[in-house]
Amino acid sequence: MAEEKLPTRNENYSEWYNQLILRAELADYAPVRGCMVVRPYGWSLWENIQQTLDRRFKETGHTNAAFPLFIPMSFLEKEKEHVEGFSPELAVVTIGGGEKLEEPLVVRPTSETIIGTMYAKWIKSYRDLPVLINQWGNVVRWEMRTRLFLRTLEFYWQEGHTAHATAEEAEEETRRMLGVYTDFAVNEAAVPVIPGRKSNTEKFAGAARSYTIEAMMGDTRALQAGTSHNLGQNFAKAFEIRFLDQANELQYCWTTSWGLSTRFIGAIIMTHGDDQGLLLPPRLAPIQAVIVPICRNDAERALVMPVVEKVRQQLAAFRIKVDDRTEVTPGFKFNDWELRGVPLRIEIGPKDVEKGSVVLARRDIPGKEGKRFASQDQLAAQVGALLDEIQANMLERARAFRDAHIFEPKDYADLKDIVQNGWALAWWCGSAECEAHIKDETRATTRCIPLDQPGGSGRCIYCGEPASEKVYFARAY
RNA sequence: CGGGGUGUAGCGCAGUUGGUAGCGCACCGCGUUUGGGACGCGGUGGUCGGCGGUUCGAGUCCGCCCACCCCGACCA
């Protein structure tokens, strides 16, 4: 294959990230600037993310639907903050079928406006509420600087859009979905995110309140990994989403929207990857275990392959790949599958055939340490237990890394220092001025006001005024 | 949008004062190999990013354009 070694994370973190994606065949650069091709291995990972999220959406009462890719320009202009937030990054279609269009069409950057328009049409009565719809799709935002998965012109995501009769219900929904994202991140992806509220400057354009799950990457930078917005009545008023309540009075709805994108794949890569390559959480990995047969010649092959097949059948409940390539050596395959992040490797050679064993090699523990013999009997149970253990270990390790890089600054000088290589959890007065100063001086932004607050009060880390909440400051992607 | 860089085989690159387009990897064939990134031999593969100019002759010199990557400001 190409160059053998990946750059290490210490040498060049972003180069490590890019090359890892290309070499593991998660994605490739498309012929269009800023766009990516999600390759089958990467898409398969996304499908697993979709499945597990979609199940959670259904369990919380949502259904899927599909809205158009094109949105009339005038729709976006109806909500002031929204259009201000998004207009710099819109792709606009002005010609269709060779004719100049009467009204330009925006390629959706997000679908609040078109979905809001439809909700206005559909919702008449309190009996129609709540409306709980999710959409899986792609959106386009014309970003200046792009990076595979983290920020591409086109990306894939889901966007949930709901409408409610009361402010309380909308807030409850917003928080519920934040909880769904948190649960997904922690329990499926082993990414120990911190759920919290966005500051006013960081919130979604047009939202009353935005919530986020923030993840710490391997270089300690923060990544917004999913968001849930309480839109208040902003969009309902802009799009006339109204209903008659039980007292026969016309009321505006309270709406929410929430989304999680292919960016999350970037979060997985940068949370778990090491200098050997990718490490995928067993619950999401397209391949949970790879079987590598080891045989020197045809005679050994004839001996080993039937056992490989038998083992494969025993493990039918798992996502298994048999690497039966003959043109590369086992050593090559070991490195190859480690690069691709397969959590468990099963080696089967002549010695194993003789002893009725296999070798189980954990991806999360490199080298001999992670290797051990296992009996071919009860292999499914052993593999299941081991995958669970790997999943748990990955979460624990990521959490330990995160916690080791979170500090509570004593003063502003301390904060400046901390955000060079970690997150600072500090009292903040809530003013945009302090936030802006800190950003200018340190490049760190407020990531979130964690739901989990220490209580009490303190003094703003910047201005010293009274503060009632703590916030995370960090440099972010 | 500002700064930097690069365009030559699928990928990474070399190509001297202008003179028949080259190397490594990958790929194909044969043979030996195979429990931590094998090796030998033989092959396939090119509008040198584009357009124009100078010249007997341009990958190389000149001009214009395009694309992509990296670093900043902005963003999921």
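So you know, we letter chains A, B, ... as the sequences are listed, proteins then strands, and number each from 1.
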By the 4.0 Å heavy-atom rule, please label [X] as base, sugar-phosphate, or nothing.
{"X": "A/Ser210", "result": "nothing"}
{"X": "A/Val139", "result": "nothing"}
{"X": "A/Leu150", "result": "base"}
{"X": "A/Pro350", "result": "base"}
{"X": "A/Thr110", "result": "nothing"}
{"X": "A/Phe155", "result": "base"}
{"X": "A/Glu338", "result": "base"}
{"X": "A/Lys333", "result": "nothing"}
{"X": "A/Thr227", "result": "nothing"}
{"X": "A/Arg345", "result": "base"}

The side chain of [X] lies closest to which of these nucleotides: [options]?
{"X": "A/Arg443", "options": "B/C71, B/G35, B/A73", "value": "B/A73"}
{"X": "A/Tyr29", "options": "B/G35, B/C69, B/G36", "value": "B/C69"}
{"X": "A/Thr329", "options": "B/G36, B/A38, B/U34", "value": "B/A38"}
{"X": "A/Gln276", "options": "B/G36, B/G72, B/C74", "value": "B/G36"}
{"X": "A/Glu347", "options": "B/C71, B/G37, B/G35", "value": "B/G35"}

Rounded to the nearest angstrom, tell me the gap between atom [atom1] in [X] and atom [atom2] in [N].
{"X": "A/Arg147", "N": "B/C70", "atom1": "CZ", "atom2": "P", "result": "7 Å"}
{"X": "A/Arg301", "N": "B/G35", "atom1": "CZ", "atom2": "C1'", "result": "15 Å"}
{"X": "A/Leu6", "N": "B/G37", "atom1": "CG", "atom2": "C1'", "result": "13 Å"}
{"X": "A/Phe334", "N": "B/U34", "atom1": "CZ", "atom2": "P", "result": "14 Å"}
{"X": "A/Glu327", "N": "B/C25", "atom1": "CD", "atom2": "P", "result": "17 Å"}
{"X": "A/Met36", "N": "B/C69", "atom1": "CE", "atom2": "C1'", "result": "17 Å"}
{"X": "A/Arg141", "N": "B/C74", "atom1": "CZ", "atom2": "P", "result": "17 Å"}
{"X": "A/Leu22", "N": "B/A26", "atom1": "CG", "atom2": "C1'", "result": "16 Å"}

> Does A/Phe373 or A/Ala476 map to a spot on RNA chain B nearer the 5' end, using the closest nucleotide for each?
Replying inline: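 Comparing both residues, the 5'-ward one is A/Phe373.
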> Starting at the 5' end of RNA chain B and moving along, which residue's nearest nucleotide shows up first, A/Arg475 or A/Ile348?
Replying inline: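 The answer here is A/Ile348.
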>> Counting distance alone, no hydrogens or angles: does the base of B/G35 have a donor or acceptor under 3.5 Å from a partner atom on the side chain of A/Asp352?
In response: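 Yes, a donor-acceptor pair under 3.5 Å.
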> Can you find a donor-acceptor N/O pair under 3.5 angstrom joining the side chain of A/Lys371 to the base of B/G36?
Replying inline: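 Looking at the base of B/G36, it does pair with a donor or acceptor on the side chain of A/Lys371 (distance under 3.5 Å).
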Please report the distance separating the [atom1] of [N] from the corresponding atom of [M], rounded so that it comes out in whole Å.
{"N": "B/G31", "M": "B/G35", "atom1": "C1'", "result": "23 Å"}
{"N": "B/G19", "M": "B/C11", "atom1": "C1'", "result": "30 Å"}
{"N": "B/G52", "M": "B/C66", "atom1": "C1'", "result": "14 Å"}
{"N": "B/U55", "M": "B/C62", "atom1": "P", "result": "16 Å"}
{"N": "B/A26", "M": "B/A67", "atom1": "P", "result": "34 Å"}
{"N": "B/U54", "M": "B/U60", "atom1": "P", "result": "15 Å"}
{"N": "B/A73", "M": "B/G3", "atom1": "C1'", "result": "12 Å"}
{"N": "B/U34", "M": "B/G24", "atom1": "P", "result": "26 Å"}

> Is there a donor-acceptor pair under 3.5 Å between the side chain of A/Lys203 and the backbone N or O of A/Ala207?
Replying inline: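 Answer holds: yes.
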On the nucleotide [N], are OP1 or OP2 found under 4.0 Å from the side-chain N or O atoms that [X] carries?
{"X": "A/Asn18", "N": "B/C70", "value": "yes"}
{"X": "A/Thr146", "N": "B/C68", "value": "no"}
{"X": "A/Lys355", "N": "B/G35", "value": "no"}

>> According to ring-ring contact (aromatic ring centres under 6.0 Å, His included), does anything in residues 176-203 of chain A pair up with another residue at least two apart or in another chain? List the pairs.
In response: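 Residue pairs with at least one partner in residues 176-203 of chain A: A/Phe184-A/Phe264.
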Any-strand Watson-Crick or G-U partner of [N], both distances under 3.5 Å:
{"N": "B/G29", "value": "B/C41"}
{"N": "B/A14", "value": "none"}
{"N": "B/C68", "value": "B/G5"}
{"N": "B/C56", "value": "B/G19"}

>> With a 6.0 Å cut-off (strictly less than), is the heavy-atom count around CG of A/Asp298, excluding the residue itself, greater than 12?
In response: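 Open.
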If you look only at distance, which donor and acceptor atoms sit under 3.5 Å apart when one is on a side chain in residues 71-79 of chain A and the other is two or more places apart or in another chain?
{"residue": "A/Ser74", "atom": "OG", "partner": "A/Glu103", "partner atom": "OE2", "Å": "2.7"}
{"residue": "A/Glu79", "atom": "OE1", "partner": "A/Glu81", "partner atom": "N", "Å": "3.1"}
{"residue": "A/Glu79", "atom": "OE1", "partner": "A/His82", "partner atom": "N", "Å": "2.9"}

> Who are the side chain to side chain donor-acceptor pair (under 3.5 Å) partners of A/Gln276, not counting sequence neighbours?
Replying inline: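 Testing A/Gln276 for side chain to side chain donor-acceptor pair (under 3.5 Å), a comparison that skips the adjacent residues, returns none.
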Might you list the N or O atoms of the protein lying below 3.5 Å from N or O atoms in nucleotides 4-10 of chain B, with each pair's distance?
none

> What's the verdict on side-chain hydrogen bond (donor to acceptor under 3.5 Å, both in side chains) for A/Ser199 and A/Glu435, showing C-alpha distance, side-chain angles and the deciding distance?
Replying inline: CA-CA 9 Å; A/Ser199 74; A/Glu435 211 180 354; 2.5 Å; yes
>> Please report the interatomic distance CG(A/Leu344) to CD1(A/Ile320), rounded to the nearest 0.5 Å.
In response: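 Answer rounded to 0.5 Å: 7.5 Å.
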> What residues, two or more places apart in sequence or in another chain, satisfy salt bridge (charged side-chain N to carboxylate O under 4.0 Å, His left out) together with A/Asp28?
Replying inline: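 Testing A/Asp28 for salt bridge (charged side-chain N to carboxylate O under 4.0 Å, His left out), a comparison that skips the adjacent residues, returns none.
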> In terms of side-chain geometry, is the basic nitrogen of A/Glu369 or A/Arg362 positioned less than 4.0 Å from the acidic oxygen of its partner?
Replying inline: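 Here A/Glu369 does not pair with A/Arg362 in a salt bridge, since their nearest N and O are not under 4.0 Å apart.
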>> Which residue is it: A/Tyr211, A/Phe204, A/Trp258? I am looking for the one with a side-chain contact (heavy atoms from CB on, under 4.5 Å) to A/His229.
In response: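 Going through A/Tyr211, A/Phe204, A/Trp258 one by one, the side-chain contact (heavy atoms from CB on, under 4.5 Å) with A/His229 is satisfied by A/Phe204 alone.
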Please set out all donor-acceptor pairs under 3.5 angstrom arising from side-chain atoms of residues 349-357 of chain A, sequence neighbours excluded.
{"residue": "A/Asp352", "atom": "OD1", "partner": "A/Ser357", "partner atom": "OG", "Å": "2.8"}
{"residue": "A/Asp352", "atom": "OD2", "partner": "A/Gly349", "partner atom": "N", "Å": "2.8"}

